[in-house]
*Asks:* 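Handing you this structure, nothing more for now.
First the proteins, then the strands, lettered A, B, ... as listed; each starts at 1.
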Protein chains: 2
Amino acid sequence: MEKSALEQLNQAVQAALREARATVLAKMGTTLTVAEKTSRRDLVTNVDHSNEDFLVAQIRRLDPQAHILAEEGRGDRVTTMAGHVWIVDPIDGTMNFVHQRNHFAMMIGYYVDGQPTLGYIYDVMGERLYAGGPRVGVTVNGRPLKAPENLDLTQGLFGASAPLLIENRYQMQAIVAQSLGPRITGSAGIQISQVLTGELIAYCSYLRPWDFAAGRVLAESLGLVMTQVDGTPVNMLSSGAVLVATQRASRTILAIGK
Amino acid sequence: MEKSALEQLNQAVQAALREARATVLAKMGTTLTVAEKTSRRDLVTNVDHSNEDFLVAQIRRLDPQAHILAEEGRGDRVTTMAGHVWIVDPIDGTMNFVHQRNHFAMMIGYYVDGQPTLGYIYDVMGERLYAGGPRVGVTVNGRPLKAPENLDLTQGLFGASAPLLIENRYQMQAIVAQSLGPRITGSAGIQISQVLTGELIAYCSYLRPWDFAAGRVLAESLGLVMTQVDGTPVNMLSSGAVLVATQRASRTILAIGK
């Protein structure tokens, strides 16, 4: 794709997300319909569904070649990263959305033949839209976002996942002990966005593709590293324990986790 | 104190805090001077010091009878809760202040002969000032704050402290397992304010007096309960493992922790 077309697409996706945000905010003033998916901690609401419908329709309008993998199943059955693949999480952190009305995100990742191309994390209540990719650069609310300093694990706060930390999977307690302390927010989107800004040195959690697809594009565009916590590459079509970190912190964490 | 005088004092403290916020925001644009206190995770900055100076001076101006217990030692040596006691934390969550420029709070608690009288938690970057007490009511940015629903532990998110959770002190992992999940923010002020709004069902951490003095006034004014995690009353002049929760969640947690 020509760079000008990519930049136009980038602006169009941001406009769609801003429209989605306005709709979500309006619906937050009404009664939510909440259902459990796999457990009492895995929720879905009418807003997840309606927002996914909206985002999927917008993507189809913008990119007729789109193959769309979307959390709530409104997209396509995607089995390969060939072609134009869009990965959508309409509400990341639904538990927070329901119980806190805060600390949740919308996320979209766009891959062309497997290459990270565009990514979007929208912190809805914080009103911060992280957007862009390796060719168009990364912005927050339209202003360029500077790459975070390449600090080591000891120099930053660590974004943790509660199950991995409590069960001490992948030496998570030793990793946290080296950091300046753990933070748990309950939204991959929010915590990955904090790695982008340097508020966190790293974030590690068991994630599904729509939890990390957007973040990978943005993180790699800023010189950050996203891998599985065993050091192997992430697979965009399967779930895994994913680590996103500065280059230095990534090396340190992978060495501890071994 | 007459109610009208108390309301006047309440407004004056809020005005002082808003002035303090403007100064802190201005100083965040300059280079911070950061020092370690007891460990690499226990920080103090020039802004903690200057803001404590400011708040202590404001309190002395408003209440010439004030005995002031302040985190960084700019107040008085307070050994009794008799008379007018003000307990001040100029920057709660200094680690977040330094590394995130977000998720920190100013806090002031005012006790008269040991009675919780006025409390203030200022989420500086969220720009939310929680203020008031049992006689004047509780407001956020001047608007009345409704008491949160009296939900049980299973129905809400749990504000945790990393050390208590990792070391499983007071059966913390069993408590978290009953909740909808833990959240760790690294600021007592921010997390207690989230209990006030119902975003968290409870918060438990090892705290010093300036970490919980303000929160106790506000929490009790809204029908929430603050005790030590063994069920005994908090002591305003000593540190301890403190639990603030809805009445129902408090009963459940204290039963598990036994």
Side-chain angles (χ1 to χ4, degrees), chain A residues 34 36 39-43 93-104 123 125-128 148-149 151 153-168 172-187 190-191 193-195 197-201 205, chain B residues 34 36 39-43 93-104 123 125-128 148-149 151 153-168 172-187 190-191 193-195 197-201 205:
Chain A
V34 183
E36 294 178 6
S39 76
R40 71 187 184 105
R41 288 183 174 177
D42 185 14
L43 304 180
T94 302
M95 180 66 79
N96 292 346
F97 176 66
V98 170
H99 289 276
Q100 304 196 313
R101 306 285 166 124
N102 203 347
H103 311 121
F104 59 93
D123 171 356
M125 302 311 291
E127 202 173 352
R128 279 184 291 270
E149 214 180 331
L151 300 175
L153 176 60
T154 56
Q155 298 171 290
L157 293 161
F158 183 85
S161 120
L164 298 189
L165 182 60
I166 291 172
E167 296 162 20
N168 197 23
M172 206 51 60
Q173 293 179 8
I175 292 165
V176 161
Q178 284 209 14
S179 78
L180 289 176
R183 298 290 181 264
I184 298 177
T185 303
S187 157
I190 298 296
Q191 296 208 273
S193 78
Q194 293 175 332
V195 180
T197 62
E199 288 178 63
L200 298 174
I201 197 80
S205 183
Chain B
V34 183
E36 293 178 5
S39 77
R40 72 189 182 103
R41 288 182 173 176
D42 184 15
L43 304 180
T94 302
M95 179 67 78
N96 292 347
F97 176 67
V98 171
H99 290 276
Q100 305 197 313
R101 306 284 167 125
N102 202 348
H103 312 120
F104 60 92
D123 171 356
M125 301 313 290
E127 202 172 352
R128 278 183 292 270
E149 214 181 330
L151 300 175
L153 175 61
T154 56
Q155 299 172 290
L157 292 160
F158 183 85
S161 119
L164 297 190
L165 182 60
I166 292 172
E167 296 161 20
N168 198 23
M172 207 51 61
Q173 294 179 7
I175 292 165
V176 161
Q178 284 210 14
S179 78
L180 290 176
R183 298 290 181 263
I184 298 178
T185 303
S187 158
I190 298 296
Q191 296 207 272
S193 78
Q194 293 175 332
V195 180
T197 62
E199 289 178 61
L200 297 174
I201 196 81
S205 182

*Asks:* At a heavy-atom separation under 4.5 Å, does A:T154 approach chain B through its side chain, its backbone, both, or neither?
*Replies:*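 Contact with chain B involves both backbone and side-chain atoms of A:T154.
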
*Asks:* Are any of the side-chain heavy atoms of A:Q100 and B:L200 separated by less than 4.5 Å?
*Replies:*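 Side chain of A:Q100 against side chain of B:L200, heavy atoms only: contact under 4.5 Å found.
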
*Asks:* Looking only at heavy atoms and a cut-off of under 4.5 Å, which of B:H103, B:R41, B:M125 has the most pairs with chain A?
*Replies:*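 Max contact count across the listed options: B:R41.
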
*Asks:* Could you state the interatomic distance from CD (B:E36) to CG (B:L43), rounded to the nearest 0.5 Å?
*Replies:*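 It comes to 6.5 Å.
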
*Asks:* Taking A:T185 for its side chain and A:S187 for its backbone only, find out whether a donor-acceptor pair lies under 3.5 Å.
*Replies:*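 Here the side-chain-to-backbone pair does not exist.
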
*Asks:* Quick one: list whatever passes side chain to side chain donor-acceptor pair (under 3.5 Å) with A:Q194, sequence neighbours left out.
*Replies:*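 Partners of A:Q194 under the side chain to side chain donor-acceptor pair (under 3.5 Å) test: none.
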
*Asks:* Please classify the contact of B:R40 with chain A as side chain, backbone, both or neither, using a heavy-atom distance under 4.5 Å.
*Replies:*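 Both parts, backbone and side chain.
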
*Asks:* So how far is it from A:D123 CG to A:F104 CZ, rounded to the nearest 0.5 Å?
*Replies:*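 Reported value, rounded in 0.5 Å steps: 8.5 Å.
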
*Asks:* Taking all non-hydrogen atoms of both residues into account, name the closest pair between B:M95 and A:L157 and its distance.
*Replies:*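 Looking at all heavy atoms of both residues, the closest pair is CG-CD2, 3.8 Å.
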
*Asks:* Is A:L180 close to chain B through its backbone or its side chain, or both, or neither, when contacts mean heavy atoms under 4.5 Å?
*Replies:*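 Backbone plus side chain of A:L180, per the 4.5 Å heavy-atom cut-off to chain B.
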
*Asks:* Which one wins on heavy-atom pair count under 4.5 Å against chain B: A:V98, A:N96, A:I201?
*Replies:*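 The candidate making the most pairs under 4.5 Å is A:N96.
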
*Asks:* For B:E199, does its backbone N or O pair with a side-chain atom of A:R101 as donor and acceptor, under 3.5 Å?
*Replies:*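 No; zero donor-acceptor contacts below 3.5 Å.
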
*Asks:* Can you tell me how far OG of B:S179 sits from CG of B:L151, rounded to the nearest 0.5 angstrom?
*Replies:*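 With rounding to 0.5 Å, CG (B:L151) is 12.5 Å from OG (B:S179).
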
*Asks:* Among A:G198, A:G156, A:S39, A:A177, which has the most heavy-atom pairs under 4.5 Å with chain B?
*Replies:*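 Top option by heavy-atom pairs under 4.5 Å: A:A177.
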
*Asks:* For chain A, which residues from residues 160-168 of chain B lie under 4.5 Å away (heavy-atom distances)?
*Replies:*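 Against chain A, the residues of residues 160-168 of chain B that fall inside the cut-off (heavy atoms, under 4.5 Å) are B:A162, B:L165, B:I166.
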
*Asks:* Any side-chain heavy-atom pair from A:Q178 and A:F158 closer than 4.5 angstrom?
*Replies:*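 Counting from C-beta outward, A:Q178 and A:F158 never come under 4.5 Å.
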
